[in-house]
Structures are given as structure tokens and as C-alpha cells.
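Since the structure comes first, as C-alpha cells, the remarks are kept for the end.
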Amino acid sequence: MLRDRCGKGFANMAETPRFYLTTAIDYPNSRPHIGTAFEKIGADVQARYRRMEGYEVHFLMGNDENTIKVARRAAELGQDPKAYCDDMARQFQDVWRALEISYDDFIQTSEPRHHEGCRKFIQKVYDNGYIYKGTYEGWYCEGCEAFKTETEVAEAGGVCPNHRVPPVRRSEPCYYFALSRFQDRLLKFYEANPDFIQPESRRNEVLAFVESGLQDVNITRTGQTWGIRVPFDEQFTIYVWFDALLNYITAIGYGSDEERFQKWWPADIHFIGKDITRFHCALWPAMLFAAGLEPPRRVFGHGFVYNRGRKVSKSDQDKKKGDVSEPTDPMEIIDRFGGEAFRYYFMRECPFPGDGDYTWDRFKEVFNADLANNLGNLYSRVVRLIAQNYGGHLEQTAGREPGVIYTDVDTETTVEQVQAHIEACQYNQALEKIWRQILDPANQYADRREPWKLVKTDREAAKGVLFDLVEQLRAAAILLKPFLPRTAETIYRSFNFKQPWEEVRHEDVWVHPGQVDDLRLLAPLVDNKVKPLFPRMT
RNA sequence: CGCGGCGUGGAGCAGUGGUAGCUCGCCAGGCUCAUAACCUGGAGGUCGCAGGUUCAAAUCCUGCCGCCGCAACCA
């Protein structure tokens, strides 16, 4: 029985809801690693899912360039900082494109649009009375030309961790942002918006942090030539966090295109690493309050990906470059096995809200078990059976309703579970549902009905079995669209399904748009076989 | 008492009160359409340790041990 397609969607299809999501902007000091890629993939799945479900999506990514380290690194290379940033931005985007990250905009914080927006924002906060002049005192390293935190110095044994020389006590004028004045308002905001910080463990952390008392923060630096000038006192530059967070609004027109800004702000979700939760959940809303703007709707602090249980450090990655036994550079992995396998591994194996682990052995294991043997093989065997026995044309299947493959859970429920998991960013659980409740039953059904035998005694019955199996592939393709965009499309376009690929929604899985024409195989064949989706790794 | 996470059959994980589940590996069988892939069955766990709550705990509480991450410019 067909359901009202609008029933579960939007009451008024003319009103397209919008969805604005962002990822953290990255430091361009070194190339992306598997951890940064993890975040972008998780955000991309969400973006693709929302687009499928009818939202008008704006997906922002970018690089954080106004740092002392960038200026220093460029100087080391004898490059202009801007040229260095542009080159790194290009390299980052090469990786993101290889991973099929479907971002709509990529902001570099060295761009004029960001500088202008930042200056307007800080001026606004200043005018509103939340910025005041004071002095900052701390441990200053002459070599770094920067202040070191107490703990940094203490851990290194009383010296600068980089230069191994004792820092000097130094105080200098600076501007403070009155963060402490927002403590009560933040706590009220958290209380009124329990879903603001996810997952729960991050929320508890922020609550405890804010309740323990907030201190005003120094938001300026002196003596820098690279960075954004403070508009009301040009000898200062803006401290990186006060500058970086603003990318989320300068990219959508804050200070330059009010209409565009109004359309997209507030963001529906900021995807960030769990280490920067405090900045996004305390400092950032406070900054927005200070400027008279709305806070974002949701901040999701995802977990980390480790390599053999250890943190992926940038130096390790450089050291390991060229080590073929265990590649950790995303590009190296992608070059060998493709972006789809990369996406699958991290989404299936690493729970997004928590931590995950990456090892090369595990990567191969997951690749072979799930992608090659299960999904890929199911596709191959079904295509082959139809091609070999029916010449790629299942006659008189036009208008036929697919039969029911026995499963513990009905398809509609599976779809709802997958959707709920994606919306909660529990991507690994969504994928598990697809494998256990769609693909496994399909392989089992094939074995139980043995269409390769059945075709010899009852061509009609065998045809029905294959028709049902194709239905499972159609369901899998739709459900996998946000996760494996290319593979899902390949599977879907292997048949003449009614619904155009660009328009499929999760609902279509169980609504069964039905076949208008007889089911036909469209996949390119060689000897009645298709090219394997994921050739098994040895 | 800085904050947080983890400890479940050989390996990796899921499982927030009611007969312990998944993937890989292993053993035995079946099948042969398929990427030596697929299917069925089996062996293998006192769920870190010690207490407590409960008719009932991997699951809640207390303490302890071990590993890991963060600690206001490393996702």
C-alpha cells in the first residue's frame, strides 16, 4: 500500500527548509591526516543525507590561516604567506575532492571577505562594551615570539618546549573580551537547549567548565604583521580563536551581504573535534551574544581516530611517508583503494561520537568482508544471473510489486532506523543496519531459493527471485547514497528503476515506486559479468 | 580530590536491568550464480578486580587496578 509521500516529509513542499552545516577550519601547517578526514566525511554524510531529504543545504569548510605558525612556516620556505596559504588550500581541497566531500564553499581566513567581516564583528562587540583594554602577563619565549601557557612551560621542565630555553616573564597591553559576563546567560542557554552540545559526555564537560567560572580572554596580539588588524587600535592583531570562529558567519555574508547572512544563520550544526568543544560551546556563543546575534543550533564534538591506539601526530605522518606497510596519509590510502573504501572504513569502524582506531590490517579486513565479499559480491552474482539466464531483461515484470524477503525487521523499520541513526550522527550504526538487515538477508535469500538451480525447472519462479533480489540492491543503493555516493550510483544505474537517481529519497525504499517497464539490466557487461565494485584485497 | 573515555570468547567491537551478540580467525558441512566469493552448523567468554542495590546486573552504586585522551592555538 502506497503512503502519502508528503506525509513524512514537509507539510508544504514549496517551503524548502534550509540546513547550514560546517566543519572546523584546519591549520594549513601540514597536510590533512586521517583524523581531519574523519570529520569531513562525517559532515559530508550529513550534508548528502539532508540534500536527499529535500533540504536546501549549505556546507562550509575552510582553512584557518591567520596564525603565527603559518607566517613562520612561509618564511622558512621563503614564500609569501598568502601564496603559501593558497597552495596549502589547494592541497587540502585535492584531498577533500578525492574523498567526494560535497562542500559548497571553502573559506580561507586570509580572504578579504573574512578580514572585513571580522573587523566589523569585533568593532560591534567593542561598541557594545564587551571589550576592554588591559595588560597580559605571562611566560614569553623570545624564540617563538609568543606567550607560553603555565602548563606548557611546566611540562617541558621550565623551558620553552620548542627552543629549550627558559621563557621570560613579560607583560604587555592587550584587549580582553568580557567572557565572564556571559556565564549565567550561557548556563541558561544550555538549560533551554539540551541538544545544543552533543554527544552527552561533551555537554557534561562544558557544563562543568562554565559552572567552574569563566575568565575574560585576551583577544589580541602585538608585533604581528600577518593576521587581522583590530579596527579600533591598528597596532594589534586579532587572536586566532576570536578570528577563526567567525569564519562560520563571514563565509555566509556577515558584514557584507545581510540577506544571505539572514538566510543561513544560525547554523544547524557545527562539526568539530572534541578537543575544541569549549571554544565552540562557551566562547563562540558568548561572542555571538556580545554582537547581538543568535548562537548556532547544535555543536557536535566527534571523537578521535587513532593509529594503532596512538594519536596520529603530524610528525609521525611525515616520518612514515612512503611506508607502504601501513599508510596513514589519506591520499596514499585513497590512491590505492579509492575514496569510497576510505569513507566506508571510517564511517563503519569508528563511532562518530566516540573514538576509533585505524590499522592497515583492520582496513583490509573490513574492505574484504563488507565491501568485496558482501555488497560487491551480491551485486556481481545478481547481475550475472540476470544477464546469463534472461539476457538482461526480466520480461513481464512491469508494474510488479517486489516480494518480501524474509527478515527479522521489515524494510520500513530498517529505513527509519537508518534515518534516525544518521540524524544522530551514529553513522556506524546506520551502516550496520544496512548490512545486517538488507544485504545479509539478500545473500541468505539467494542461497535459500537457489535461482541458479530454479531457473532450470521453473523460469518464472527464478525470475521472481531475481526481481526480489534486485529490489534489495535498490534499497541498499538508496540507503548508501550519503555514505558511498559513487558505488550507490553505480548499483542504482545498473537497472532501469523508475525514480531518477538525483531525486531518490529514503522514503522511496519502502514506498516502492514500482517498475513502469520490465526490469532491465543497464550495467556494462563483459562475458555477462560486471566489473567488481570492490576487487578483493589479498 | 582538574576533566573525560576505555577494560566483553584468539583479534577488533556492539550491547545502559531479564536466556551474552556482530565481524574477522578457527573446525565441520553445504552450494557452485558470484570477486576461492555465498549459505548452514560448531568450538571458544565466571563481560578488569572486590564489594553493594535488586526477584534479576556486562548493564545501577561504591572502592580499587590497568590503559588512553584532554587540560583554554594539535580534529
Side-chain angles (χ1 to χ4, degrees), chain A residues 23-27 29-30 32-40 42 64 66-69 146-147 149-152 155 179 201-202 204-206 208-209 212 214-215 217-218 221 239-241 243-244 271-279 282-283 301-306 309-315 348-351 354-357 359 361-362 364-366 368-374 376-389 428-429 432 435-436 440 442-448 450-455 462 466 469 528-538:
Chain A
T23 61
I25 51 177
D26 297 306
Y27 288 114
N29 302 7
S30 62
H33 55 76
I34 53 176
T36 49
F38 180 55
E39 173 177 299
K40 312 313 173 201
D64 185 6
N66 299 320
T67 69
I68 295 166
K69 282 180 186 168
F147 284 99
T149 62
E150 290 285 345
T151 45
E152 236 178 332
E155 276 182 4
L179 179 62
S201 56
R202 300 275 85 80
N204 295 337
E205 199 177 321
V206 172
F209 169 67
S212 76
L214 295 172
Q215 291 171 22
V217 289
N218 173 4
R221 292 292 183 270
Y239 164 68
V240 289
W241 270 110
D243 143 6
F271 284 104
I272 59 162
K274 63 181 183 180
D275 57 331
I276 53 175
T277 309
R278 291 175 177 189
F279 295 106
L283 177 60
H302 63 75
F304 286 163
V305 175
Y306 300 96
R310 305 221 150 265
K311 190 167 184 167
V312 184
S313 82
K314 289 170 179 173
S315 53
R348 174 68 185 89
E349 200 58 17
C350 307
D355 296 339
D357 195 35
T359 67
D361 286 343
R362 186 64 186 156
K364 285 198 290 194
E365 197 174 299
V366 169
N368 283 337
D370 293 356
L371 297 178
N373 298 350
N374 196 330
N377 185 56
L378 175 67
Y379 170 74
S380 291
R381 65 196 305 207
V382 170
V383 169
R384 167 76 172 182
L385 284 163
I386 295 172
Q388 187 82 330
N389 298 300
N428 60 329
Q429 294 184 60
E432 185 180 18
W435 257 256
R436 300 288 87 81
D440 285 349
N443 271 318
Q444 288 157 8
Y445 178 77
D447 240 69
R448 202 163 58 240
E450 300 181 304
W452 50 90
K453 273 187 189 168
L454 194 59
V455 72
L466 293 177
L469 284 169
N528 280 339
K529 290 189 176 192
V530 280
K531 194 176 128 209
L533 294 174
F534 298 99
R536 200 180 148 78
M537 287 164 65
T538 50

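Worth knowing before you read on, the calculation uses all heavy atoms, side chains too, and leaves out hydrogens, waters and symmetry mates. Per chain, numbering begins at 1; letters A, B, ... match sequence-line order. All values reported here derive from a predicted model rather than from experimental measurement.
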(request) Give the nucleotide from the list B/rU23, B/rC73, B/rC33 with an atom nearest to the side chain of A/Arg381. (result) B/rC33

(request) Give one of base, sugar-phosphate or nothing for A/Phe534, where a contact means two heavy atoms less than 4.0 Å apart. (result) base

(request) Mark yes or no for a side-chain to base donor-acceptor pair under 3.5 Å between A/Asn377 and B/rA34, with no hydrogen or angle criteria applied. (result) yes

(request) Would you kindly give the CG-to-P distance between A/Leu454 and B/rU32, to the nearest whole Å? (result) 13 Å

(request) Classify the nucleic acid contact of A/Arg384 as base, sugar-phosphate or nothing, counting any heavy atom under 4.0 Å across all strands shown. (result) sugar-phosphate

(message) Using every non-hydrogen atom in the two residues, find where A/Met537 and A/Asn368 come nearest and quote the distance to one decimal.
(response) N-OD1, 2.8 Å

(request) Return the value, rounded to whole Å, for the distance between atom CG of A/Asn368 and atom P of B/rA37. (result) 8 Å

(request) Have a look at A/Leu378 and say if it touches a base, only the backbone sugar-phosphate, or nothing, with a 4.0 Å heavy-atom cut-off. (result) nothing

(message) Taking B/rG7 as the reference, what is the distance to B/rC61 when you measure between their P atoms (whole Å, please)?
(response) 15 Å

(request) To the nearest Å, give me how far apart CZ (A/Arg436) and P (B/rC13) are. (result) 17 Å

(request) Using the closest heavy atom to pick a nucleotide of RNA chain B for each, name whichever of A/Leu214 or A/Asn373 lands nearer the 5' end. (result) A/Asn373

(request) Please answer whether the main-chain N or O of A/Gly376 pairs with a side-chain N or O of A/Ser380 as donor and acceptor at a distance below 3.5 Å. (result) yes

(message) Using a 4.0 Å heavy-atom cut-off, does A/Arg202 contact any base of the nucleic acid, only the sugar-phosphate backbone, or nothing at all?
(response) sugar-phosphate

(message) Without decimals, in angstroms, what is the distance between A/Asp357 CG and B/rC67 P?
(response) 18 Å

(message) Can you measure A/Gln444 atom CD to B/rC33 atom P for me and round it to whole angstrom units?
(response) 20 Å

(request) Report the distance from atom CH2 of A/Trp452 to atom C1' of B/rA37, rounded to the nearest whole Å. (result) 12 Å

(message) Checking contacts here: which listed nucleotide (B/rU35, B/rC31, B/rG15) is nearest the side-chain heavy atoms of A/Glu450?
(response) B/rC31

(message) Classify A/Thr67 by what it touches in the nucleic acid, base, sugar-phosphate, or nothing, heavy-atom distance under 4.0 Å.
(response) nothing

(request) Take atom C1' in B/rG21 and the same atom in B/rC74, then report the distance between them in whole Å. (result) 37 Å

(message) So which atom in A/Tyr27 and which in A/Thr67 form the shortest heavy-atom distance, rounded to 0.1 Å?
(response) CE2-CG2, 3.3 Å

(message) Applying the Watson-Crick and G-U wobble criteria at under 3.5 Å, what pairs with B/rU53? Answer none if nothing qualifies.
(response) none

(request) Write down the distance separating the C1' atoms in B/rA20 and B/rG15, rounded off to the nearest Å. (result) 9 Å

(request) Go ahead and name the base partner of B/rC6; Watson-Crick or wobble counts if both distances stay under 3.5 Å, otherwise write none. (result) B/rG66

(request) Flag the pair A/Val217 / A/Leu283 as yes when at least one side-chain heavy-atom distance between them is below 4.5 Å, and no otherwise. (result) yes

(message) If I compare all heavy atoms of A/Asp355 with all of A/Gly303, which pair ends up nearest, and what's the gap?
(response) OD1-CA, 3.4 Å

(message) Return the pairing partner of B/rU35 with a 3.5 Å limit on both distances, Watson-Crick or G-U wobble; otherwise return none.
(response) none

(request) Give one of base, sugar-phosphate or nothing for A/Tyr239, where a contact means two heavy atoms less than 4.0 Å apart. (result) base

(request) Go through the side-chain N and O atoms of A/Arg536 and A/Asn377 and say whether any donor and acceptor fall under 3.5 Å apart. (result) no

(message) Nearest to the A/Pro351 side chain among B/rA14, B/rU35, B/rC33, which nucleotide is it?
(response) B/rA14

(message) Among B/rU35, B/rC24, B/rA75, which nucleotide has an atom closest to any side-chain atom of A/Lys529?
(response) B/rU35

(message) When the P atoms of B/rC1 and B/rU59 are compared, how many Å lie between them, rounded to an integer?
(response) 28 Å

(request) Report the distance from atom CG of A/Asp355 to atom P of B/rC67, rounded to the nearest whole Å. (result) 18 Å

(request) Using a heavy-atom cut-off of under 4.0 Å over every strand shown, decide if A/Ile276 touches base, sugar-phosphate, or nothing. (result) sugar-phosphate

(message) Does A/Lys453 reach a base, just sugar-phosphate, or nothing at all? Heavy atoms under 4.0 Å.
(response) sugar-phosphate

(message) Go nucleotide by nucleotide along RNA chain B from the 5' end; which of A/Asn428 and A/Lys531 gets its closest nucleotide reached first?
(response) A/Asn428

(request) Sort out the partner of B/rA71 for me: Watson-Crick or G-U wobble, both distances under 3.5 Å, none otherwise. (result) none

(message) Suppose you measure atom C1' in B/rG52 against the same atom in B/rG12; what distance do you get, rounded to whole Å?
(response) 33 Å

(request) Please state the C1' separation for the pair B/rG66 and B/rC49 - nearest whole angstrom. (result) 10 Å

(message) Is the phosphate of B/rA72 approached by A/Arg278 (side-chain N or O, under 4.0 Å from OP1 or OP2)?
(response) no

(request) Report yes or no: do A/Asp243 and A/Asn66 form a side-chain donor-acceptor pair below 3.5 Å? (result) yes

(message) Any side-chain to backbone donor/acceptor pair from A/Asp64 onto A/Asp26? Under 3.5 Å, distance only.
(response) no

(request) Pick the C1' atom in B/rA28 and in B/rG44, then give their distance to the nearest Å. (result) 15 Å

(request) Look at all strands and tell whether A/Ala369 reaches a base, only sugar-phosphate, or nothing, counting heavy atoms closer than 4.0 Å. (result) sugar-phosphate

(request) Rounded to whole angstrom, note down the C1' distance from B/rA43 over to B/rG10. (result) 12 Å

(message) For A/His302 and A/Phe38, take the angle between the two ring planes, folded into 0 to 90°, and tell me which bin it lands in: parallel under 30, tilted 30 to 60, perpendicular over 60.
(response) perpendicular

(request) Could you check how far CZ of A/Arg348 sits from P of B/rC13, rounded to whole Å? (result) 12 Å

(request) For B/rC26, give its Watson-Crick or G-U wobble partner with both distances under 3.5 Å, or none. (result) B/rG42

(request) Using a 4.0 Å heavy-atom cut-off across all strands, classify A/Glu349 as base, sugar-phosphate, or nothing. (result) sugar-phosphate

(message) I want to verify a distance call: between B/rA72, B/rC33, B/rC74, whose nearest atom is closest to the A/Lys69 side chain?
(response) B/rC74

(message) Classify A/Arg221 by what it touches in the nucleic acid, base, sugar-phosphate, or nothing, heavy-atom distance under 4.0 Å.
(response) base

(request) Give A/Phe271 one of three labels, base, sugar-phosphate or nothing, depending on what nucleic acid heavy atoms sit under 4.0 Å from its own. (result) nothing

(request) Any strand is fair game: report the nucleotide pairing with B/rU16 by Watson-Crick or G-U wobble, both distances under 3.5 Å, or none. (result) none

